[in-house]
Amino acid sequence: MMELQKLTIGKAINLGLRRAMEEDPKVLIMGEDIGKLGGVFRITDGLQKDFGEQRVLDTPLAESGIIGTAVGLAVRGFRPVCEIQFEGFIFPGFDQISSQLAKLHYRTQGKIKMPVVIRVPFGGGIGAVEHHSESPESLFAHIAGLKVMAISNAADAYWGIQEAIRSDDPVLFFEPKKLYHSGALKMEIDTEATPSRVAASQLVREGTTATVVAYGPSVKVALDAAAAAEEEGKSLEVIDLRTLSPLDLGPVFESVRKTGRLIAVSEAPSESSLTSEIAARVQQECFYSLEAPVLRVTGFDTPYPPAKLEEHYLPDLDRVLHAVDRSLSW
Amino acid sequence: MPSEQWTHPEPGDGPAAIAAQPSPEQVIAGLRATSEGGAELTQLLTPEGQRVPSTQFDPYVADVDDETLRNLYRDMVLVRRADREANAMQRQGQLGIWVPLLGQEAAQVGSGRALQPRDMAFPSYREHGVAYTRGVDLRDLIGIFRCTDHSGWDYKAHGFHPYTIVIGNQVLNATGYAMGQKFEGKVGDDDGEATICYFGDGATSQGDVHEGFVWGAVYDAPLVFFCQNNQWAISEPTERQSRLPLYQRARGYGFPGIRVDGNDVLACLAVTRWALEQCRHGNGPVLIEAFTYRMDAHTTTDDPTRYRLSDELEEWKLKDPIERVRAHLVRGGGAEPEFFDQVQAEADEFAAQLREHTFTMPEPPPERIFSNVYAESSPLLEQQRAEYLSYLDGFATAGEH
């Protein structure tokens, strides 16, 4: 039955969590302040009221504790979904993520499954204090055994969170916090439809002049840049990666073979990052198709600056267009 | 020498009480290898093999007759013999490393034998004796140390989680598992389930252990925290981890803590059974500090002569966990001399099998590198696997010509 709803990203995640919990009684949600408060971003609003305190756990305040107990619950057969309040607070849990969550399946040659999701609001642009605006996704994409997703729109948020929960692998699910409640990004979603798969890159705008690849909050920047470029007679193709590990670069290679140019956009610092990986593999696979070097528009290789400076730090429409011009002038 | 008679000053205590807090020497004396482990040490069998009556704990070993004691003795002898064999094999270059349990047989066998098949144990990396009590074939375990495998047993069938090398990680994992037992309603009576988690004195300094205590208490998890205080975290002594005897830490989290003679298999069995009973009935976690001693090195890469005195070792030799059971059995007529000979012969055969298995253990094929990284494999890994196997095939082809 068609159940069309116009949803923000935040509400889409909420409904995705709700549907996953309804479908599988082994799905638990756990984190700080996620019950009565509904999370600091209200993403889990109303879930504890409907599913009870044993399925929506307001936990003590310690990230290693949240993730480490989720690992044990998964060994027991549960499917925990952890919320980390802000990406900058995930590091106390890094040990459990990298040492246990990512490796137990490998260590036991598949005897232990780790169906754990860690939801991580990430990225800047909200004018926050230190540790609240970072983009550490490359650190997790580097760890074998983890899947990393980063969604950019409400439909992918709704289906993606359910896909992550259904996965028998551990998933780091990065959510663009700046866009959680954006009315402009509301999408009409058939919430009763058969699930559509999110674990693959998606062509979100066709073009011929150059390819722009992005993920998470940067997809909106790329799309805005493509709209502006069109007015200047340039046709940008935009690809949303959606899954950062394992990376699905097939559509990127295909696009670069068509356009000959690639600009990779991300808020994260550039050194040893996902955009580095994209650049390396594109030059390896598309060397004879490239008309210019792969260019990157990223955050700088600095700690995240005080928020009064973040408009300079974050890739924006103009920096993307500038990179397109540099690519075209090669 | 004063040991654990002192108490910490409480809020509101006057200057005299604060001034009366223990000197560093008193703290060390309270924590370290005092001959009896302090006034609150639970012991049912003295180092001389004398039975010590206990109103609280005797009911928990009322079923332990001479035959059961002989079995516990046999367990410890087999485990020690396997440990010594593995240690020797490492010295001969057959194992990459070994983690000796010498001296900790009673803590491991006593606590392990207290478990029911439905219970779950989360070990650290020295729990070969617990593994044995859980029915894990030590031949499946030795691959970890020959570096052919990370974990070679079925954790679910044996109720024995894979070894955890990172100090303290498993405490949180065990806590989560025990929370799951609670959420599933598996506690409440004698038939309830419980989890036991093993860690060392050094691990108690880790944040994960603190968090495990917090979570365990908050969720009333049916979880026995079993700390084997073997006095040394590689070269760091217990007093480098705590100003309090470790079992007393439980009070701060709101659950019972108890110190047991970790070289007394009977006491370890009784105290662990009691703790598991608390858990099964839904009363939340218990911390057991098994006061014991690591008689060998931390691992075969370690050199304990650099940091501890031989006097200490000699003192602990007198409290050997196996010899006290032997003395008790001999004194009470619970075993004939032939029994001890028979167990020794069995242990030698056990060790020989372990050795033979180790020597003939096949090395894993190279494609194993790529197996089971994910439940759902990734295209990149498939590509890497194919490319690497093709590369290796190139060598084989070259060799044929």
Side-chain angles (χ1 to χ4, degrees), chain A residues 25-26 28 30 54-55 57-78 80 92-93 95-96 98-116 144-147 167-170 199-200 243 245-250 281, chain B residues 120 122 144 149-157 161-184 186 195 197 206-208 210-219 221 223 364 368-382:
Chain A
K26 287 293 188 182
L28 304 177
M30 49 201 294
Q54 202 158 290
R55 293 195 62 198
L57 280 70
D58 265 325
T59 67
L61 199 162
E63 286 72 16
S64 191
I66 294 168
I67 295 159
T69 53
V71 167
L73 282 159
V75 174
R76 181 69 189 183
F78 288 86
D95 178 18
Q96 283 286 349
S98 61
S99 305
Q100 304 306 324
L101 185 67
K103 295 193 174 79
L104 267 165
H105 189 266
Y106 189 69
R107 191 186 303 154
T108 60
Q109 282 294 290
K111 293 189 192 83
I112 292 183
K113 301 276 191 290
M114 267 297 125
V116 176
L146 295 180
K147 286 186 177 172
S167 171
D168 279 336
D169 288 309
T243 297
S245 179
L247 263 180
D248 172 26
L249 289 181
R281 281 165 66 182
Chain B
M120 187 71 178
F122 281 73
I144 298 172
D149 206 347
H150 290 322
S151 167
W153 58 91
D154 183 335
Y155 81 99
K156 203 178 268 188
H161 190 73
Y163 272 12
T164 299
I165 310 288
V166 181
I167 303 295
N169 273 182
Q170 78 281 7
V171 177
L172 276 171
N173 304 157
T175 307
Y177 189 91
M179 286 164 61
Q181 291 173 314
K182 178 86 186 299
F183 293 166
E184 289 177 5
K186 304 288 188 186
T195 296
C197 181
Q206 286 278 4
D208 275 10
H210 162 68
E211 292 174 34
F213 287 178
V214 172
W215 254 257
V218 165
Y219 291 101
L223 177 59
R368 173 78 178 272
I369 293 172
F370 305 96
S371 303
N372 290 299
V373 178
Y374 295 93
E376 181 189 22
S377 190
S378 87
L380 182 65
L381 273 180
E382 294 302 327

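FYI, side chains are in, hydrogens and waters are out, and symmetry mates aren't considered; it's all heavy atoms of this structure.
- Between the Y374(B) side chain and the L146(A) main chain, a donor and an acceptor come within less than 3.5 Å of each other.
- Using a 4.5 Å heavy-atom cutoff, the side chains of M179(B) and Q54(A) are not in contact.
- In this structure, the separation between CZ on R76(A) and CE on M120(B) is 9.0 Å, given to the nearest 0.5 Å.
- Between chain B and the residues L249(A), L247(A), L73(A), D248(A), the largest count of heavy-atom pairs under 4.5 Å involves L73(A).
- Taking chain B as the reference chain and counting heavy-atom pairs below 4.5 Å, the highest number among G250(A), P115(A), G110(A) is found for G110(A).
- Comparing L57(A), D168(A), L28(A) by heavy-atom pairs within less than 4.5 Å of chain B, the highest count is held by L57(A).
- For S245(A), the part lying under 4.5 angstrom from a heavy atom of chain B is the side chain only.
- Contacts between Y163(B) and chain A at a heavy-atom distance below 4.5 Å involve the backbone alone (N, CA, C, O).
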With a cut-off of 3.5 Å and sequence neighbours excluded, list every side-chain donor-acceptor pair involving residues 60-71 of chain A.
from, atom 1, to, atom 2, distance (Å)
S64(A), OG, D208(B), OD1, 2.5
T69(A), OG1, G65(A), O, 2.6
T69(A), OG1, I66(A), O, 3.2

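- Only the side chain of K113(A) comes within contact range of chain B, with at least one heavy atom under 4.5 Å from a heavy atom of that chain.
- In the displayed structure, K111(A) atom NZ is contacted under 6.0 Å by more than 12 heavy atoms of other residues, nucleotides or ligands.
- With sequence neighbours excluded, the residues that form a side-chain contact (heavy atoms from CB on, under 4.5 Å) with S151(B) are R107(A), T108(A), W153(B), P162(B).
- With a 4.5 Å cut-off on side-chain heavy atoms, Q100(A) and L172(B) do not count as touching.
- Residue K103(A): no heavy atom, backbone or side chain, is found under 4.5 Å from chain B.
- Side chains of V75(A) and N173(B) form no contact here, defined as non-hydrogen atoms less than 4.5 Å apart.
- At a 4.5 Å heavy-atom cutoff, H210(B) makes no contact with chain A through either its backbone or its side chain.
- Judged by distance alone, the side chain of D169(A) and the main-chain N or O of A375(B) form a donor-acceptor pair under 3.5 Å.
- Using a 4.5 Å cut-off between heavy atoms, V373(B) contacts chain A through both its backbone and its side chain.
- Between F183(B) and F78(A), the ring planes lie perpendicular to each other; the angle is over 60°, past the 30° to 60° tilted range.
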Check the pair R368(B) / Q109(A) against side chain to side chain contact (heavy atoms under 4.5 Å, CB included), numbers first and verdict last. CA-CA 9 Å; R368(B) 173 78 178 272; Q109(A) 282 294 290; 2.8 Å; yes

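- Note that the NE2 atom of H161(B) and the CG atom of L104(A) stand 5.0 Å from one another [nearest 0.5 Å].
- Contact count versus chain B (heavy atoms, under 4.5 Å) is highest, among M114(A), Q96(A), K147(A), for Q96(A).
- If you take CG on D95(A) and CG on N169(B), they are separated by 4.0 Å, rounding to the nearest 0.5 Å.
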